[in-house]
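Hydrogens, waters and symmetry mates play no part in the numbers below; they use all other heavy atoms, side chains included. Note that this is a predicted model, so its numbers are computed, not measured. Position 1 is the first residue of the sequence; numbering continues from there.
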Amino acid sequence: MANIMGLMEKVKIPESIPRLPKQQSENGGNLKTVRKSLEEKMNEKVKIYGFIGMEVYDLSKENRIEIAEIKTYLDKMDVLNGEIEELEKQKEELERKNVKKNICVCGYKLKPQDRFCPNCGEVIERDTVICTCGAELEKTAKFCGVCGKSVEDIINSQQTAHAPAVKECICGAKVPVGQFMCMECGRKIED
C-alpha cells in the first residue's frame, strides 16, 4: 500500500504545460517540436492514469481489491453514475417532447425545413425526409413522388453522410473512433 501511495505522490499531472517562447536550442532542436513531444507524453500519461483508474474501479466492484484510501472516490463514482442515469432519462424525455413541438434540445424554435439547429448545430430528427430533388417526403413513403428515388436510399445516404465513425463497447454504448475509454461504463476501448 505504501508503494501505491508513494507512486501517487511522485507522479503528478501538471494543470497545464507551460508555454515557452519559440527559440532554437543549442543542439539545433526546435522548441516547438520539444513542446509537442512533451504534450504528447503528458497526454499519454493522462491515458495511463485513466486506465489505472478503470482497472482499480473494476477490481473494487468485483471485490478483488480493497484500498481504504480510495473508497470515498469509489462511493462518489457510484453516486455520479446514478445521477448520470437520471439525467439521461430526463434528456430522453425532453427530447421526445421537443421533437413534437419543433424545438431543439437547446430551446431554439426550429423552422420546418431545418435539418440542423441554427443555434447549436444539433442534428434535427424529423418524421419527414427531404429528397435530393428537394421534395419533402414522409419517412413511411417508399419512393419520392417527384423523382422516383427510393426513400430508404435517401435516408441511408443522409445518415452515412453525417454519422461519425464509431465503435461499440462491450456494454453496448457507441464510442467515437479515437476515444480510448467508454463514457458509459468507463472501460478501455481496444483498437
Rounded to the nearest 0.5 Å, what separates atom [atom1] in [X] from atom [atom2] in [Y]?
X    : Y    : atom1 : atom2 : value
I70  : M77  : CD1   : CE    : 10.5 Å
E122 : Y108 : CD    : OH    : 15.0 Å
K89  : K91  : NZ    : NZ    : 14.0 Å

When you look at E88 and E184, which way does the side-chain contact (heavy atoms from CB on, under 4.5 Å) test go after all the steps? CA-CA 11 Å; E88 285 175 343; E184 295 293 322; 3.3 Å; yes
Following the transitive rule for hydrophobic clusters with a side-chain heavy-atom cut-off under 4.5 Å over Ile, Leu, Val, Met, Phe, Trp and Tyr, establish whether [X] and [Y] coincide in one cluster.
X    : Y    : result
F143 : I154 : no
I84  : L74  : no
L59  : I67  : yes

Ion pair check, E40 and K36, cut-off under 4.0 Å: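 Salt bridge present between E40 and K36.
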Are any of the side-chain nitrogens in D58 or R187 under 4.0 Å away from the carboxylate oxygens of its partner?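 Looking at R187 together with D58, the answer is yes, because their closest N to O distance falls below 4.0 Å.
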[X] to [Y] - nearest heavy-atom pair and separation:
X    : Y    : value
N119 : C106 : ND2-SG, 3.3 Å
P118 : L110 : CD-CD2, 4.0 Å
I65  : V56  : CG2-O, 4.0 Å

D153: partners by salt bridge (charged side-chain N to carboxylate O under 4.0 Å, His left out), with sequence neighbours left out: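 Checked D153 against salt bridge (charged side-chain N to carboxylate O under 4.0 Å, His left out); zero matches.
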Chi angles and distances behind the side-chain contact (heavy atoms from CB on, under 4.5 Å) call for K47, N43: CA-CA 6 Å; K47 283 183 182 181; N43 287 338; 5.8 Å; no
For I48 and K45, what are the C-alpha separation, side-chain angles and deciding distance, and is it a side-chain contact (heavy atoms from CB on, under 4.5 Å)? CA-CA 5 Å; I48 291 170; K45 186 176 174 180; 5.7 Å; no
Neighbour count above 12 (heavy atom, 6.0 Å) for Y73 OH: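 Atom OH in Y73 is not packed in, count stays at 12 or less.
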Going by atom types only, do D78 and Y57 share a side-chain donor-acceptor pair under 3.5 Å?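 Their side chains do contain a donor-acceptor pair, which is all the 3.5 Å distance test asks for.
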Any heavy-atom pair between the side chains of E83 and L80 that's under 4.5 Å?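 Yes. Closest side-chain heavy atoms under 4.5 Å.
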Worked verdict on I189 versus C182 for side-chain contact (heavy atoms from CB on, under 4.5 Å): CA-CA 7 Å; I189 303 299; C182 175; 3.9 Å; yes
